[in-house]
Amino acid sequence: MLRVYNTLTQSKQEFKPLHDNHVGMYVCGVTVYDLCHIGHARSAIVFDTIYRYLQAKGYDVTFVKNFTDIDDKIINRANKEGLTTAQVSEKYIEEYYRDMDRLGLKKPTHEPRATMHVQGIIDFIKGLIEDGYAYESNGDIYFSVRKFDGYGKLSGKNIDDLESGARVEPGEAKDDPLDFALWKASKPGEPSWDSPWGKGRPGWHIECSAMSTSYLGQHFDIHGGGMDLIFPHHENEIAQTEAFTHKPFVSYWLHNGFVQINKEKMSKSLGNFFTIREILDRYEPQALRLFILMHHYRSPIDFSDQSLKEAEKALYRGYASLRFVQSLPVQGKPALSSENLGAFMQKLSEYEACFYNAMDDDFNTAGALSGFFDLMRLINTHFKDATSKPDTEAVKKLNTFVKSAVEILGVFDNDPQLFLSSRREKRLAWLGLAAGEIEQKIAQRALLRKEKKFKDADKIRSGLLKQGIAIMDTPAGTVWDIAEE
RNA sequence: GGCGGCAUAGCCAAGUGGUAAGGCAGCGGUCUGCAAAACCGUUAUCUCCGGUUCAAAUCCGGAUGCCGCCUCCA
């Protein structure tokens, strides 16, 4: 049974979709005016994993993730660079895909853009005005927050406490400082759309209401985003949507925690951020993904080089274990005695249960990974030096679990042999070494070892290690790899 | 000021009533000519104080520290 933490009720609840096997999920995407940073990566990875897990549970998921492609920041950027807003958003949507593809994100079902839904937004606003929830003022349209009963229910805020802190932009003519813009009259030179209230453009919050309900219906299952969106963005979405539809909007609100640097929120305004690509230039994309999944999605995570290096080591170790499974002989006598087989199967079931129970408990990927790493140890114990054919039943069960787990995690899902060898080649090129050179030295060393000239043999080994190459003598001969730092 | 979260081994981090997963690092051992890798063993009573309970890291109250939201933000 899947349980999820719902921000709305501030508690874990059993997950029950509205329409039997179908799940509608909407996640707030990015405003495309700049490169994405690690915080965006976390949100994307978290909800990608949730999407994958819901599918693995057999749900038919409609996953909608938007692009905000019209907004003050985009207009500013366009002015600064002498481009149109469309050119700016187009450029950063491309950059977004370049990053997200490297992170192994599955394509959502729909990725709508606000500018493609302006008519729906206008219709939405019209309805709100007709019902008396919104009003016009100098070509702007505002939502009357006090007219909506229940404002503050998501963020746990009291409407009267908010009053004092509310901000009014110069030139705004709101009836109440808490009211927020649904539609903004355009200034000269700004992109605009025709509307019953003159030329203008959508406010931020309304696009998500219009797009989510258009794809998923007026009441759908999951709405997600970063914790900073709880207020005011999601609070406003609830107000305007429920005012419009007179129905509950979303069943489960899911929010991911922040990425921090030295215990401080990573953000544009603080300037303490890393873009996704500068990190991916230095670390394996799957290491970043693994790092994020080793923490619960609602907790803050502190980002550091050390953490990424640790995740990378764990990543390689996992792939190395999976490579053993891949290279098992298919013939020969059975590798496991019957009592070993029994113990093996029992542990396998145990780790599998650990994995799925953790995922069922509010997508606890960190807990699930413990089952997965336990499994890696089990593989190393039983198969590392396997020269005989392992039990077919055991391998089959093992493969089934591994395949399903890596599909859910989006980590360890490459071909282990290819992953490790391509990594080896990359690092080799970076070190400026050639494989042939290394193998030659290993052959030299083998001769010396045969002659028991261990001192000279060890010299070759330590020389290679200084160059960043580690060698290992195995029953099957000497193998080499890039030495870890 | 209002609202919310967090505090678990050297570091990172799961665990929300029955005597502490996992990752990284360390130490001891097996293997090895010696190593490496792998495996085995080992490393915490859960910030502090008080309370509830047969039983609490886990519930309640208080203290201290850190963080987030209340303004654009994943």
Side-chain angles (χ1 to χ4, degrees), chain A residues 7 10 12 27-31 33 36-47 68 71-73 76 152 155-158 160-169 204 224-233 235 255-260 263-270 273 290-291 294-296 298-302 304 306-307 309-315 317-318 320-321 324 351 354 358 361 364-374 376-385 449 452-455 457-458 461-462 465 470-475 478-481 483-484:
Chain A
T7 307
Q10 294 190 17
K12 279 186 202 172
V27 173
C28 290
V30 294
T31 300
Y33 73 104
C36 289
H37 59 64
I38 302 298
H40 298 111
R42 182 181 194 190
S43 185
I45 288 168
V46 162
F47 287 102
T68 297
D71 160 276
D72 287 343
K73 291 192 288 287
N76 291 341
S155 53
K157 293 188 187 304
N158 181 310
D160 293 312
D161 294 336
L162 287 168
E163 194 74 54
S164 58
R167 192 178 67 168
V168 182
E169 294 286 345
W204 175 36
M227 277 186 178
D228 48 356
L229 297 182
I230 294 171
F231 189 89
H233 184 53
E235 195 70 62
H255 293 97
N256 66 275
F258 295 123
V259 176
Q260 308 182 321
K263 309 260 177 199
E264 248 187 359
K265 178 181 172 179
M266 177 187 285
S267 76
K268 280 279 168 76
S269 42
L270 288 169
F273 64 95
L290 182 60
F291 165 68
M294 286 200 296
H295 302 71
H296 188 91
R298 283 190 284 114
S299 307
I301 51 178
D302 216 62
S304 68
Q306 195 199 336
S307 303
K309 274 180 193 156
E310 286 177 10
E312 212 166 48
K313 279 187 190 168
L315 182 74
R317 200 168 151 259
S321 300
F324 294 138
Y351 301 153
C354 165
D361 182 15
N364 184 352
T365 51
L369 279 166
S370 85
F372 189 83
F373 282 115
D374 277 336
M376 295 305 106
R377 192 173 341 101
L378 189 68
I379 289 170
N380 292 339
T381 305
H382 288 279
F383 299 133
K384 180 171 187 276
D385 295 317
R449 287 180 74 211
K452 307 257 183 229
K453 292 179 180 165
F454 293 119
K455 275 200 174 158
D458 289 351
R461 182 172 62 195
S462 57
L465 190 60
I471 61 179
M472 290 144 269
D473 299 319
T474 75
T478 301
V479 298
W480 63 273
D481 207 337
E484 295 299 339

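Treat the numbers as computed from the prediction; the structure is a model and nothing was measured. Order of the sequence lines sets the chain letters (A, B, ...), proteins ahead of strands, with each chain counted from 1. Side chains included, hydrogens not; waters and symmetry mates left out as well; all remaining heavy atoms used.
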From the candidates B/G68, B/C70, B/C24, the one with an atom nearest any side-chain atom of A/F231 is B/C70
Residues in side-chain contact (heavy atoms from CB on, under 4.5 Å) contact with A/A314, at least two apart in sequence or another chain | A/L290, A/F373
First of A/S267 and A/L369 reached from the 5' end of RNA chain B, by closest nucleotide | A/L369
Once base and sugar-phosphate atoms are separated, protein heavy atoms under 4.0 Å mark nucleotides 12-17 of chain B, 5' to 3', with B, S and - as SSSSS-
What distance, rounded to whole Å, do you find between the two P atoms, one in B/C6 and one in B/U43?
-> 29 Å
Any side-chain heavy-atom pair of A/K12 and A/D361 under 4.5 Å = yes
Indicate whether OP1 or OP2 belonging to B/C6 is found under 4.0 Å from a side-chain N or O atom of A/R298.
-> no
Looking at B/A74, B/A38, B/C24, which one has an atom nearest to any side-chain atom of A/N380?
-> B/A38
Sequence neighbours excluded, which residues qualify as ring-ring contact (aromatic ring centres under 6.0 Å, His included) partners of A/F372?
-> A/F412
By side-chain contact (heavy atoms from CB on, under 4.5 Å) - contacts of A/C28 (at least two apart) | A/Y26, A/N66, A/C208, A/H223, A/L229, A/H233, A/H234, A/E237
Side-chain donor/acceptor of A/S321 to backbone N/O of A/R317, under 3.5 Å = yes
Show the distances under 3.5 angstrom between N or O atoms of the protein and N or O atoms of nucleotides 40-45 of chain B.
none

Measure the acute angle between the ring planes of A/H37 and A/H40, then classify it against the limits of 30° and 60° as parallel, tilted or perpendicular.
-> tilted
Taking only residues two or more places apart in sequence or in another chain, which ones pass ring-ring contact (aromatic ring centres under 6.0 Å, His included) with A/H296?
-> none
Gap in Å between the two P atoms, one belonging to B/A21 and one to B/A37, rounded = 25 Å
Describe the nucleic acid contact of A/F258 in one word from base, sugar-phosphate, nothing, applying a heavy-atom distance below 4.0 Å.
-> base
Please list, chain by chain and in numerical order, all residues satisfying side-chain hydrogen bond (donor to acceptor under 3.5 Å, both in side chains) with A/T365, sequence neighbours excluded.
-> none
Proximal nucleotide (of B/G2, B/C11, B/C24) relative to the A/A314 side chain | B/C24
B/C49 to B/A9 separation - P atoms, rounded to the nearest Å = 16 Å
With A/Q260, which residues qualify under side-chain hydrogen bond (donor to acceptor under 3.5 Å, both in side chains), at least two apart?
-> none
Base, sugar-phosphate, or nothing: which does A/G39 touch, judged by heavy atoms less than 4.0 Å apart?
-> base
Indicate, with a heavy-atom threshold strictly under 4.0 Å, whether A/G152 touches base, sugar-phosphate, or nothing.
-> nothing
A/H295 and A/F291: which non-hydrogen atoms are nearest, and at how many Å?
-> ND1-O, 2.7 Å
Residues forming a side-chain hydrogen bond (donor to acceptor under 3.5 Å, both in side chains) with A/R377, sequence neighbours excluded = A/D374
5' precedence on RNA chain B between A/Q10 and A/R42 (nearest-nucleotide basis) | A/Q10
Taking B/C72, B/A74, B/G68 as options, the one with an atom nearest any side-chain atom of A/V259 is B/A74
Taking only residues two or more places apart in sequence, or in another chain, which ones meet A/S307 in a side-chain hydrogen bond (donor to acceptor under 3.5 Å, both in side chains)?
-> A/S304
Contact string for nucleotides 28-36 of chain B, one letter per nucleotide 5' to 3', B = base within protein heavy-atom range under 4.0 Å, S = sugar-phosphate only, - = neither, reads -----BBBB
Dot-bracket for RNA chain B, please, read 5' to 3', with Watson-Crick or G-U wobble pairs under 3.5 Å on both distances, ( ) within the strand, [ ] crossing, | other strand, . unpaired.
-> ((((((((.[[[..)..(...]]].(((((.......)))))....[[[[[..)....]]]]])))))))....
